[in-house]
Peer 1: 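I have a structure here, written as structure tokens, and I will follow up with some questions on it.
Worth knowing before you read on, the calculation uses all heavy atoms, side chains too, and leaves out hydrogens, waters and symmetry mates. Throughout, a chain's letter reflects where its sequence line sits, starting with A, and its residues are numbered from 1.
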There are 2 protein chains.
Amino acid sequence: MSNSNAGPRRRRGSDQPTLKQVADAAGVSPITVSRALNTPERVNEETRKRVLEAVDQVGYVPNLVAGSLASASSRFIAVIVPSLANAVFIEVIRGLQETFEARGYQILLGNTDYDLDREYQLVRTFLGWSCSALVTAGLRHSDACLGLLGHWDKPIMEVMELGEALDLNVGLDHQEAGRCMARHLLARGHRSIVYVGACLDRDYRAGMRFAGHREVLEAACLDAPLIELDRLGSLEAGAAGLDQVLGGFPGARAIHFANDDLATGALLHAQRLGLRVPGDIAIAGFNGLTLGQHVTPRLTTIQSPRETMGRLAAEQVLRRLDHQPVTQRQQDVGFTLMVGQST
Amino acid sequence: MSNSNAGPRRRRGSDQPTLKQVADAAGVSPITVSRALNTPERVNEETRKRVLEAVDQVGYVPNLVAGSLASASSRFIAVIVPSLANAVFIEVIRGLQETFEARGYQILLGNTDYDLDREYQLVRTFLGWSCSALVTAGLRHSDACLGLLGHWDKPIMEVMELGEALDLNVGLDHQEAGRCMARHLLARGHRSIVYVGACLDRDYRAGMRFAGHREVLEAACLDAPLIELDRLGSLEAGAAGLDQVLGGFPGARAIHFANDDLATGALLHAQRLGLRVPGDIAIAGFNGLTLGQHVTPRLTTIQSPRETMGRLAAEQVLRRLDHQPVTQRQQDVGFTLMVGQST
DNA sequence: TAGAACTATGTTAGCGCTAACATGGTAGCG
DNA sequence: CGCTACCATGTTAGCGCTAACATAGTTCTA
């Protein structure tokens, strides 16, 4: 038999005050409260004041979930990075977060662990949250992921590297950065140079830098040996890398490390071993982390403007969200060779 | 006149496939699709298979916003930290994220910039998202914030420090850590010890460590001078701190820094100045960052298990969310004095 | 063998908000 | 004064999903 005798169904939802209650307290309709809070310029000043008082009075906290469902869009920005262990991404995130939060957007952070399948899963989840935009590190995605994003009509920003992007793109040319450092090492007179990277299949941007490095060395008719470590960048791994170079390439006079963590680890390890840098071995890195600038000798590295990259990316996305013309779909933030005393 | 002549209203919402379409494709009702996806054990195996095929076929991506509204709860965990610039919080976040993501919860990250008003705003926003739980760094909150949280019935986890908590608490005793390091410096024979901190009003946990430090020194009838820098921890600030100590306290033989960033910056600066560490001046830090363990001499510091702290915190919260008894409302993760060669 | 207990699925009624359209009032204009 | 324009507010109808209750079929139990 049907639910004929029973009283009303048990209530659902939380017991938080709702728009309706604010509306009753202010003597207006719910939609006026909604407008007073979201588009205050469309409500008479006096009404608005009355509404805001009512909000305080009943202790109203807007239910953003309901708002997002009704408007089919949330003020979330999905941000996907490969790792939180790497200071580089943290700095980009900081640039993004500051810019987006100032405009009332909330960042939804996802971490792929350098796994494109995880990226796909994250994108799925984030689409489910009706995000306003997606910012992701890198230009490589799985086919499944591309399938999802192909149907999506909100801004997509790819950061870190430059190239053929889905939509918007802010980054730098890693291959050129690799060339730049290789040329520097050649200019310093080094002829036996080893490149040391870590997991270049996953950290493929380091692989692109190696490609640039090799191109320059081969153009100078030199070998471009590569040592690939099996752990991602860390001081420990860098120390191990130095040991491998000393063992495997006794004639090596310079090491081009894939990043500053490795390079600094090697530099500090060299000191412990009593090696002179750059006298016995020159060491170069990539990233321009603070750390490398505070060791003696100061590390030669390539600085990239990461917080700026995050900020610029956020600004382009915001422009798109404001329906303003996007000035540049692709933006090169460049890099700077910082010559220290380690080369 | 009313909308009598017009056809149906223009459609709203996105054009993504919905549960209904999956249900039609699979020949079941929408609720069965919902169950097949969210509580598969409540659906017949064969039906489930048919539903999953239909999901793939129509390219369905669940609308999590709608789900959250209907169920009055999202799978969001709000995480509030004072800063992303400090590696310490990043590590805690990593521990939280790994544990929560493995269980299908998504982290909503907020950054207060050490401002309790910002914390209140973030809490408001996060409550609006129907988060499943809140994890926040620290035990200090504004009255407005306490007002909001007082009415809230979901788990609240306060991390980093130990004390009188709102609900759950995982952390360590900072005052005791300060005492511990002070005792170590005394045991090393130092009598003229300066504490150097940065913005102790905002980074009040460093202030608590100083309180412990002072307590021990005063018990030994020694002065406990304090130098407070106006920038938060960084290698640069540490170098400046060393200069200030050398200028202001020429007799100082040891410096207890509020954190490893400062201490390492000072240590590297001392080397540039040609000072022997610890011969001319001893240097101690706090945090046990990798960095300090790779300089020569190795930094004496106090290690706290931050990633573990994040993991433990997440596990307690998950236990609560699973309606399992919480084993400990308060958990002390402790700390370890790591004696290097810098003292 | 009646009925309790359980399994698998369906029906109904919202969750709290906002887009779209409607309406009444005031101002501007020739 | 009739017209359009605009401003401030209201009414209606969902957004896409799931909690609560309903129901039909099956198995178990005394």
Peer 1: Let me spell it out: for each of B:Ala66 and B:Pro30, pick the nucleotide of DNA chain C with the closest heavy atom. Which residue's pick is nearer the 5' end?
Peer 2: B:Pro30

Peer 1: Choose from D:dG10, C:dG16, C:dG10 the nucleotide whose nearest atom is closest to any side-chain atom of A:Ala70.
Peer 2: C:dG16

Peer 1: To the nearest Å, give me how far apart CZ (B:Arg35) and C1' (D:dA19) are.
Peer 2: 10 Å

Peer 1: From CG of A:Leu37 over to P of C:dG16, roughly how many Å is that when rounded to an integer?
Peer 2: 16 Å

Peer 1: I'd like to know if the side chain of B:Asn169 reaches the main chain of B:Met157, judged simply by a donor and an acceptor atom lying under 3.5 Å from each other, with no hydrogens or angles considered.
Peer 2: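 Pair absent, no side-chain N/O of B:Asn169 close to backbone of B:Met157.
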
Peer 1: Which nucleotide in the set D:dC17, C:dG10, C:dC15 lies at the smallest distance from any side-chain heavy atom of B:Tyr60?
Peer 2: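 Minimum distance to the B:Tyr60 side chain belongs to D:dC17.
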
Peer 1: Between B:Asn44 and C:dT7, does any side-chain N or O lie under 4.0 Å from OP1 or OP2?
Peer 2: no

Peer 1: Output the rounded distance in Å from CG (B:Leu64) to P (D:dC17).
Peer 2: 9 Å

Peer 1: Spell out, as yes or no, whether a donor-acceptor pair under 3.5 Å connects the side chain of A:Arg118 to the backbone of A:Asn111.
Peer 2: yes

Peer 1: Taking OP1 and OP2 of C:dT18, is either one under 4.0 Å from a side-chain nitrogen or oxygen of A:Ser71?
Peer 2: no

Peer 1: A side-chain contact here means heavy atoms from C-beta on lying under 4.5 Å apart; do B:Ile107 and A:Leu109 qualify?
Peer 2: no

Peer 1: Side chain of B:Val43 only, please: which of C:dT9, C:dG10, C:dT18 is the nearest?
Peer 2: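 Looking only at heavy atoms from C-beta outward on B:Val43, the closest nucleotide is C:dT9.
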
Peer 1: Distance check: side-chain N/O of A:Thr47 vs OP1/OP2 of D:dT9, anything under 4.0 Å?
Peer 2: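 Result: yes.
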
Peer 1: Check the distance between D:dT9's C1' and A:Lys49's NZ and give it to me in whole angstrom.
Peer 2: 19 Å

Peer 1: Measuring to OP1 and OP2 of C:dT18, would you say a side-chain N or O of A:Ser34 lies under 4.0 angstrom away?
Peer 2: yes

Peer 1: If I take atom CD in residue B:Glu41 and atom P in nucleotide C:dT9, what distance separates them, rounded to the nearest angstrom?
Peer 2: 13 Å

Peer 1: D:dT18, D:dT11, D:dC15: which one has an atom nearest the side-chain heavy atoms of A:Ile31?
Peer 2: D:dT11

Peer 1: Could you tell me how far apart B:Lys20 (NZ) and D:dT18 (P) are, to the nearest whole angstrom?
Peer 2: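 Whole-Å distance recorded here is 15 Å.
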
Peer 1: To the nearest angstrom, how far is A:Leu69 atom CG from D:dC17 atom C1'?
Peer 2: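 It works out to 8 Å between those atoms.
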
Peer 1: At 4.0 Å (heavy atoms only), tell me whether B:Val65 reaches a base, stays on the sugar-phosphate, or touches nothing.
Peer 2: nothing

Peer 1: Is a donor on one side and an acceptor on the other found under 3.5 Å between the side chain of B:Gln330 and the backbone of B:Gly163?
Peer 2: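 The answer is yes, because a donor-acceptor pair under 3.5 Å joins these two groups.
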
Peer 1: Which of the following nucleotides, D:dC17, D:dG10, C:dG16, is nearest to the side chain of A:Thr32?
Peer 2: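 When the side chain of A:Thr32 is considered, D:dG10 is the closest of D:dC17, D:dG10, C:dG16.
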
Peer 1: Rounded to the nearest angstrom, tell me the gap between atom CD in B:Gln21 and atom P in D:dC15.
Peer 2: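 One finds 11 Å between P of D:dC15 and CD of B:Gln21, rounded.
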
Peer 1: Ring centroids only, cut at 6.0 angstrom: are B:Phe126 and B:Trp152 within range, meaning strictly under it?
Peer 2: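 Here the rings of B:Trp152 and B:Phe126 have centres that are no less than 6.0 Å from each other.
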
